[in-house]
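Quantities reported herein were computed from a predicted structural model and do not represent experimental measurements. Protein chains get the first letters and strands the later ones, always in sequence-line order, with residue 1 at the start of each.
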2 protein chains.
Amino acid sequence: MRLSTKGRYAVTAMLDLAIHDGKGPVTLADISQCQGISLSYLEQLFAKLRRDGLVEGVRGPGGGYRLAKTAAAISIADIITAVDEKVDATLCEGKENCQDGDRCLTHELWSSLSTQIFEYLSAINLAEFLARPSVQAIIERERASQAGAEKMVMSS
Amino acid sequence: MRLSTKGRYAVTAMLDLAIHDGKGPVTLADISQCQGISLSYLEQLFAKLRRDGLVEGVRGPGGGYRLAKTAAAISIADIITAVDEKVDATLCEGKENCQDGDRCLTHELWSSLSTQIFEYLSAINLAEFLARPSVQAIIERERASQAGAEKMVMSS
DNA sequence: GTGATTCCCGACTGAATTGCTCTGGTACTG
DNA sequence: CAGTACCAGAGCAATTCAGTCGGGAATCAC
């Protein structure tokens, strides 16, 4: 269980998809431009998200990515474990029993804590997260600035 | 806020110190042997822990490290931030307002989540963690094997 | 069909970080 | 003073991060 910028990119992008859920797929180019990260790097992240069945791609013009499940069925933990391939490859994978016997605490103490963080993140799904007031405020602010830039779209 | 093996080493070592709290300092050589990591690496970690006022060293024979505060006054978050110097240096440090205006979710969504994890880890202190049944079970098992190896100590 | 758009896939790279070693100190105690 | 233990810094192999490049394959508009 790692918690790095890689996971942040993935979570933010997934939230982006969740917002546009039901309103057509979102292209990686848009996410790339908005988040300020390279398109190829995003492609690598989404390849993992796709392998884990979290998103599905729609090819061709007007295509992009959309959520493969409902927003409520995708947890933050799902996203992070998908991209941050968990390397809990501890030195002693359960077999070590600390046989020198003096003062020893094995990794079990840590994994106990790590599991709790994982369960905590598992309890948060995209739909619930988006419904939070603090998050809604950001989205509303986004929507306001989006209306201001609507002249660029010229379709609707 | 990162969550890697570095933090795990530190937390596990600090739990080790908390268990032996009041029973004399613990040497790094012991922790090094038991956790299976190098002594110099441990020294680096403990240098950071000491700089943050979490532990204090006792020099000379019979010396070692002990907690600088009570176990209840040290949270897991304290330990992790001490060794895992937080690099939440996001690209746009609050000033970016995502002005291309289309579909954009900034780092604020992530930091909202990151803050919650931090607060969650802040709420757990060493004393409370050690008092948990699952952790106590491990300690008791340790103590049993320690009694088995008591012949090596020959002092008590 | 043709071409444009978009996803898909793999390899490669420079920089940073991790985990660790080595060397040489300094402070304290018996 | 000799041994134990902390303190400090350079350095190093492996891994990861973030990104680049180049080429495919599916889909839609025409």
Identify the pairs formed between an N or O of the protein and an N or O of nucleotides 23-28 of chain C at a distance under 3.5 Å, and give each distance.
{"from": "C:dA27", "atom 1": "O4'", "to": "B:Arg59", "atom 2": "NH1", "distance (Å)": "2.5"}

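Between A:Arg50 and C:dC9 there is a side-chain polar atom (N or O) within less than 4.0 angstrom of OP1 or OP2.
Each side-chain hydrogen bond (donor to acceptor under 3.5 Å, both in side chains) pair with one or both residues in residues 67-78 of chain B, not counting sequence neighbours, appears once here: B:Ser75-B:Asp78. Screening residues 45-81 of chain A for ring pair (Phe, Tyr, Trp, His ring centres under 6.0 Å) gives A:Phe46-A:Tyr65 as the qualifying pairs, with residues at least two apart or on separate chains. Sorted by first and then second residue, the pairs that involve residues 53-64 of chain A and meet salt bridge (Lys or Arg N to Asp or Glu O under 4.0 Å), not counting sequence neighbours, are A:Glu56-A:Arg66. Annotation: salt bridge (Lys or Arg N to Asp or Glu O under 4.0 Å) contacts involving residues 126-135 of chain B, sequence neighbours excluded, comprise B:Glu128-B:Arg132.
Linking Ile, Leu, Val, Met, Phe, Trp and Tyr residues whenever their side-chain heavy atoms come within less than 4.5 Å leaves A:Leu42 and A:Val58 in two separate clusters.
Rounded to whole angstrom, the span from the CG atom of A:Leu45 across to the C1' atom of C:dC8 amounts to 14 Å. Nucleotide C:dC9 holds its P atom 12 Å from the CD atom of A:Gln44, rounded to whole Å. Remark: C1' of D:dA5 and CG of B:Asp30 are 12 Å apart, rounded to the nearest angstrom. In this structure, A:Arg8 atom CZ and D:dC17 atom C1' are separated by 12 Å, rounded to whole Å. Between A:Tyr9 atom OH and D:dG19 atom C1' the separation is 10 Å, expressed in whole Å. Spacing between atom CG of B:Leu49 and atom C1' of D:dC6 amounts to 14 Å, rounded to whole angstrom units. Note: NZ (B:Lys48) to P (D:dG9) measures 13 Å, nearest angstrom. For the pair B:Tyr41 OH and D:dA13 P, the interatomic distance rounds to 17 Å; values are reported in whole Å.
At the heavy-atom level, A:Leu28 lies under 4.0 Å from the strands shown only through sugar-phosphate atoms. Using a 4.0 Å heavy-atom criterion, one finds that B:Tyr65 contacts the sugar-phosphate atoms exclusively.
Side chain of B:Asp52 to backbone of B:Leu54: no donor-acceptor contact under 3.5 angstrom is found.
In terms of position on DNA chain D, the residue among A:Val58 and B:Leu39 whose nearest nucleotide sits closer to the 5' end is B:Leu39.
Applying the side-chain contact (heavy atoms from CB on, under 4.5 Å) rule to A:Glu43 yields the partners A:Leu28, A:Leu39, A:Ser40; only residues at least two apart in sequence or on another chain are considered.
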